[in-house]
Engineer: 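This is the structure I have questions about; it appears just below.
It should be emphasised that the depicted structure is a prediction, and the values quoted were computed from it without experimental measurement. Ligands are counted one by one from 1 in listed order, and the atoms in each one are counted from 1 as well.
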Amino acid sequence: MSLKLRKLSHGLGAEICDINIAAPMSESAFGEIHRAFLDNGVLLFRNQNITREQHIEFSRRFGELDDHAAFPSDRHPQYPQLMLVTNEPQPDGTPSVSRYTGRRWHTDMSHTLEPSLGSLLRCWKIPGVGGDTMFANMTLAYEALSPGMQKLISKLHAIHFSGGRKLDNTIADQAHAAEQKRLSPPLAHPVVRVHPETGRKAIYLGEKVKRFDGMSEAESQPLIEYLNNHATKPEFVYRHQWHENDILLWDNRCTMHIALADFDQNERRHMERTTVMGTPSGYVVAIA
Ligand code: SIN
């Protein structure tokens with residue numbers, strides 16, 4: 001198989017055109033997709049009108065899947081390998097706890113000791129306008145830093161807090177936040193991580209990070225803000241406008257992303273995500 005690739009932006013991303021990811025696929029054909037994944041950071045597969053089982057099966061080719069035990073209330077009731085990102089109300093009519101998922105720059109599962117390798121998000125329902133997702137290429141962002149800054153941040157570990165998610169003051173949201181806090185104590189990861197497959201260095205940060213280990217919030221914030229702003233400059237970013245049945249695959253080891261609130265919240269947006277587990281990283285931080 002020879003893949004037909006179309007670049008999505010200068011900074012990252014490619015569409016793999018004319019492909020059905022649910023069709024039988026040889027190891028060598030999958031190898032080409034895997035190569036494209038490593039080269040582009042984000043891959044788009046359009047028109048994937050496939051079943052949930054097929055979504056899960058294709059995702060498994062990239063590695064072991066998370067059962068989302070760290071997000072019990074966000075799991076699909078029948079498929080623990082699928083995490084819901086939806087503003088569809090729950091069966092009892094209460095708002096979905098995942099309606100604000102991803103509204104800050106982050107990489108998936110950075111609040112765990114096995115942060116994700118990659119995620120595959122499938123779009124089931126999208127509002128008339130907006131509901132976009134943006135991605136930043138953290139390898140390019142790292143490589144654009146001065147040698148002095150690269151050296152400085154290579155020594156730092158950042159503390160990632162769970163529950164970086166926007167919340168309302170409802171009882172359900174507050175209970176959800178408390179549960180997340182209990183399930184996921186704060187963890188520290190290196191600010192510069194080496195991609196285990198490409199060997200390239202990337203910034204590993206985002207808006208779940210409030211401070212560096214061994215430093216106060218006030219001391220850490222200016223540098224965190226600088227690095228997050230630097231990494232999300234237009235030249236490092238791709239903004240995805242969803243179509244139904246798009247599947248977007250991203251590499252959590254060298255990109256970060258944000259789900260935008262740029263749509264009418266009365267309209268439905270429903271996504272389902274598989275999360276491929278990554279390699280162990282980081283340590284638990286005792287916080288007084
Ligand atoms: C996520 O952060 O995994 C969800 C992104 C999105 O809903 O666009």
Engineer: Where is the tightest heavy-atom contact between Ile21 and Gln48, given as atom of each residue plus distance?
Structural biologist: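 Reported closest heavy-atom pair: N-OE1, 3.0 Å.
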Engineer: Between Glu225 (side chain only) and Pro222 (backbone N and O only), is there a donor and an acceptor less than 3.5 Å apart?
Structural biologist: no
Engineer: Please determine, by modelled atom types, if Asp108 and His106 share a side-chain donor-acceptor pair under 3.5 angstrom.
Structural biologist: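 On atom types as modelled, these side chains qualify, holding a pair under 3.5 Å.
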Engineer: One pair per line, please: each N/O atom of ligand 1 matched with every protein N/O atom under 3.5 Å away, atom names first, then the distance to 0.1 Å.
Structural biologist:
residue, atom, partner, partner atom, Å
ligand 1, 2 (O), His106, NE2, 3.0
ligand 1, 2 (O), His257, NE2, 3.0
ligand 1, 3 (O), Arg273, NH1, 2.8
ligand 1, 7 (O), Arg269, NH1, 2.9
ligand 1, 7 (O), Arg269, NH2, 3.4
ligand 1, 8 (O), Thr133, OG1, 2.5
ligand 1, 8 (O), Arg269, NH2, 2.8

Engineer: For Phe37, which of Phe45, Phe62, Phe30 qualifies under ring pair (Phe, Tyr, Trp, His ring centres under 6.0 Å)?
Structural biologist: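 Among Phe45, Phe62, Phe30, the one meeting ring pair (Phe, Tyr, Trp, His ring centres under 6.0 Å) with Phe37 is Phe62.
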Engineer: Does His68 have any ring pair (Phe, Tyr, Trp, His ring centres under 6.0 Å) partners at least two apart in sequence or in another chain, and if so, which?
Structural biologist: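 For His68 there are no ring pair (Phe, Tyr, Trp, His ring centres under 6.0 Å) partners, ignoring immediate neighbours.
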Engineer: So does Asp264 pair up with Arg269, basic N to acidic O under 4.0 Å?
Structural biologist: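 The answer is no: the pair does not qualify as a salt bridge.
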